**Student:** 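Take a look at the following structure, please.
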Amino acid sequence: MSRKSIELLSPAKTREHAFAAIDAGADAVYIGGPAFSARAVASNTFDDIAGVVRYAHLFGAKVYVALNTILTDAEVSQAVDIAGRLHDIGVDALITQDFALVQLKREGKLPPIPIHASTQMNNRTVEKVKFLEACGFEQVVVARESSLDQIREIAEATGVRLETFIHGALCVSYSGQCYLSERLMNRSANRGECGQPCRLPYSLEDAEGKLICRDKHLLSLKDFKAEEYLEELILAGVSSFKIEGRLKDISYVKNVTAYYRSKIDEILSRHPEFKRASRGESVPTFTPCLEKSFNRGFTTYNLSGKRTDIASIDSPKSKGEFIGRCVGQQGNKVIVDSRTALANGDGFTFTDRNGEPKGFRADRAETGAIYVASGVNIPKGVELYRNFDKVFEDALAKDKCQRVLPIEIRLSEAEGGIKFTATEGDREVSFVLEMDKQKPQNPEMARQNIERTLSKTGGTNFTVNKVEMESVWFIPNSILAGAKRRIIEELESVPQIASKDTFAFRLGESATAPVPTNYLANVHNKLAHDFVSEVNGGCQVAYSFEKTHEGEIELMRCHHCIRHTLGMCRKENPTPKFREPFYLVTPQGQRLRLKFECDKCEMVIIG
């Protein structure tokens, strides 16, 4: 039976983040290259990426490099050069958005490296994923807004590997279709420079200028947590589970990766038809807990297909874990109805009576009591959250989790000496040490000494599970230690081949591409323009908003609905209190019109 590989894919801002993710159990990491990453501030050198590739491939883990911005004509050749360098150092795939790279691959002008369809390509429908599969993409990142039923439908209709987000920050806009940052800040999300205007405060006014609410983070969503859907997603056909966070710190990467590693392994243990995508065992020295890493509160978003509470309008900052309610305050002592162990230096948040988020650091803390600085007043009855756990963060910083590979060693008779054979997974090394074969005076003691000496692998990524001996010989410890070093060195040097490129452009001549021909296609260069035109039957294709800066347009389309969040959904409250259209108003006074398409359960921002 061929077993399907299930991949846990973790973010890496830097080389150090990548190593931490791999040590914590990631089957693959995604990282930015020297340029053209959708997180421009998270770039890395070729040397750094090469180091990540060497370490990842030791465990059969993969390295995907984000090359997922839209490119100018002048940048296309540079992107090809970068792709060539990445191929040479063994990168397993490129995560891409620009159709220019598809066209170049089609013409044989891009290095033979697999390509994955970035979430920036807006992969929301069966038709779109079928099209991307026909274009030669080997893995497609399904849109974060997708429901479980939609993902299952896509998997049943296609053969491409599907990747889906399972944790982290959510973009309020459909991915790749957000132009708000470019409009308001001249910073394009599709060019890797998103200014995150969705996390800013806005006021909301109706058509007559009446204030509905003031200075609320009306576009800010909670963070995604799909833990409860993991097994269903695997059974639905998802192959790769992606953690968001290429701008997050190492403690987040360690904690979240270790947490999902244990959950996925638990599921795989019940399903022999699936297997883990890489090798090695990771045992963290801390207990992973998602609530202790950066989060704005959690949501399963649209996985259930039902409207849920997804917004975090009071604050875009980390909320943390709920610890209890304030019972009262006596001077600088805040009494908390909680059994949670607290520590000096813990950080806390709460929302005051005016709906304003507040935060403070404890001078001293213990179970049931927090001692605060002068001037900090906590209203009785408010919920308290801890967004910085000093003890947990210290444990993460000290964590010495090391991923290890089990090896088996066999000693056997050879002409002129003893043959050492070591196996780890599908890797094997063997060599003969020329030496006199002497029978030991105490065979059992000699056996124990051989096992003990060969098993001392501290400081390496290997652990010896078994030592077998055809016969027992007297072997000096110095020779055994040398043999052990040679085994490890040769196992580490066994070449690891990057993912094989199986690119095949299979789009039929009569196919109609589910790619728009207006600015939403994000066509930023002539190669992409000609490709999109061709697959749409030679019709006219508009260039990107970043290139043309045309007038009033749809800046964002969302599954999130402000009317619903504020209790004004027309389906639930058909008698409106305010006159539409509504307008989002920035602190600078810019006005953005809202349109509600209730039949699709979508909100559109126009400006």
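Bear in mind the structure is a predicted one, so any value in this text is a computation, not a measurement.
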**Student:** Report yes or no: is the cationic atom of Arg361 (NZ for Lys, CZ for Arg) under 6.0 Å from the centre of the six-membered ring of Phe388, at an angle within 45° of the ring normal?
**Tutor:** yes
**Student:** Is it the case that Asp249 and Ser251 place a side-chain donor and acceptor less than 3.5 Å from each other?
**Tutor:** yes
**Student:** Here's one to test your reading of the geometry: is the NZ or CZ of Lys292 within 45 degrees of the ring axis of Phe392 and under 6.0 Å from its centre?
**Tutor:** yes
**Student:** Quick one: are the ring centres of Tyr55 and Phe59 less than 6.0 Å apart?
**Tutor:** yes
**Student:** Is the terminal nitrogen or CZ of Lys222 (NZ for Lys, CZ for Arg) located under 6.0 angstrom from the six-membered ring centre of Phe298 and within 45° of that ring's axis?
**Tutor:** no
**Student:** Establish, from distance only, whether the side-chain atoms of Ser146 and Arg152 form a donor-acceptor pair under 3.5 Å.
**Tutor:** no
**Student:** Taking the six-membered ring where the residue is Trp, are the ring centres of Tyr64 and His116 under 6.0 Å apart?
**Tutor:** yes
**Student:** Determine the minimum heavy-atom distance between Lys225 and Thr300, stating which atoms define it.
**Tutor:** O-CG2, 3.5 Å
**Student:** To the closest 0.5 Å, what do you measure between CD (Glu281) and CG (Asp265)?
**Tutor:** 9.5 Å
**Student:** Is the closest side-chain donor-acceptor distance between Arg246 and Ser37 under 3.5 Å?
**Tutor:** yes
**Student:** So which atom in Glu138 and which in Pro114 form the shortest heavy-atom distance, rounded to 0.1 Å?
**Tutor:** OE1-CB, 3.6 Å
**Student:** Just by distance, no angles: are the side chains of Asp23 and Gln402 close enough, under 3.5 Å, to form a donor-acceptor pair?
**Tutor:** no
**Student:** So is Lys242 actually on top of Tyr30's ring, under 6.0 Å and inside 45° of the axis?
**Tutor:** yes
**Student:** Examine His167 together with Tyr259 and report whether their ring centres are nearer than 6.0 Å.
**Tutor:** no
**Student:** Run the side-chain hydrogen bond (donor to acceptor under 3.5 Å, both in side chains) check on Thr421 and Glu428 step by step: do they pass?
**Tutor:** CA-CA 7 Å; Thr421 303; Glu428 179 178 292; 5.5 Å; no
**Student:** Please determine, by modelled atom types, if Thr349 and Asn387 share a side-chain donor-acceptor pair under 3.5 angstrom.
**Tutor:** no
**Student:** Go through the side-chain N and O atoms of Thr457 and Thr463 and say whether any donor and acceptor fall under 3.5 Å apart.
**Tutor:** no
**Student:** For Arg403 and Ser278: C-alpha separation, side-chain torsions, deciding distance, then whether side-chain hydrogen bond (donor to acceptor under 3.5 Å, both in side chains) applies.
**Tutor:** CA-CA 11 Å; Arg403 186 162 170 175; Ser278 66; 2.6 Å; yes
**Student:** For residues 473-489, run the donor-acceptor check on the side chains, cut-off 3.5 Å, and write out each pair with its distance to 0.1 Å, sequence neighbours left out.
**Tutor:**
{"residue": "Asn477", "atom": "OD1", "partner": "Asn449", "partner atom": "ND2", "Å": "2.7"}
{"residue": "Lys484", "atom": "NZ", "partner": "Lys456", "partner atom": "O", "Å": "2.7"}
{"residue": "Arg486", "atom": "NE", "partner": "Glu490", "partner atom": "OE2", "Å": "2.8"}

**Student:** Might you confirm whether atom CD of Gln441 has over 12 heavy atoms from other residues, nucleotides or ligands at distances under 6.0 Å?
**Tutor:** no
**Student:** Measure the spacing between CZ of Arg54 and OG of Ser493 and express it to the nearest 0.5 Å.
**Tutor:** 13.0 Å
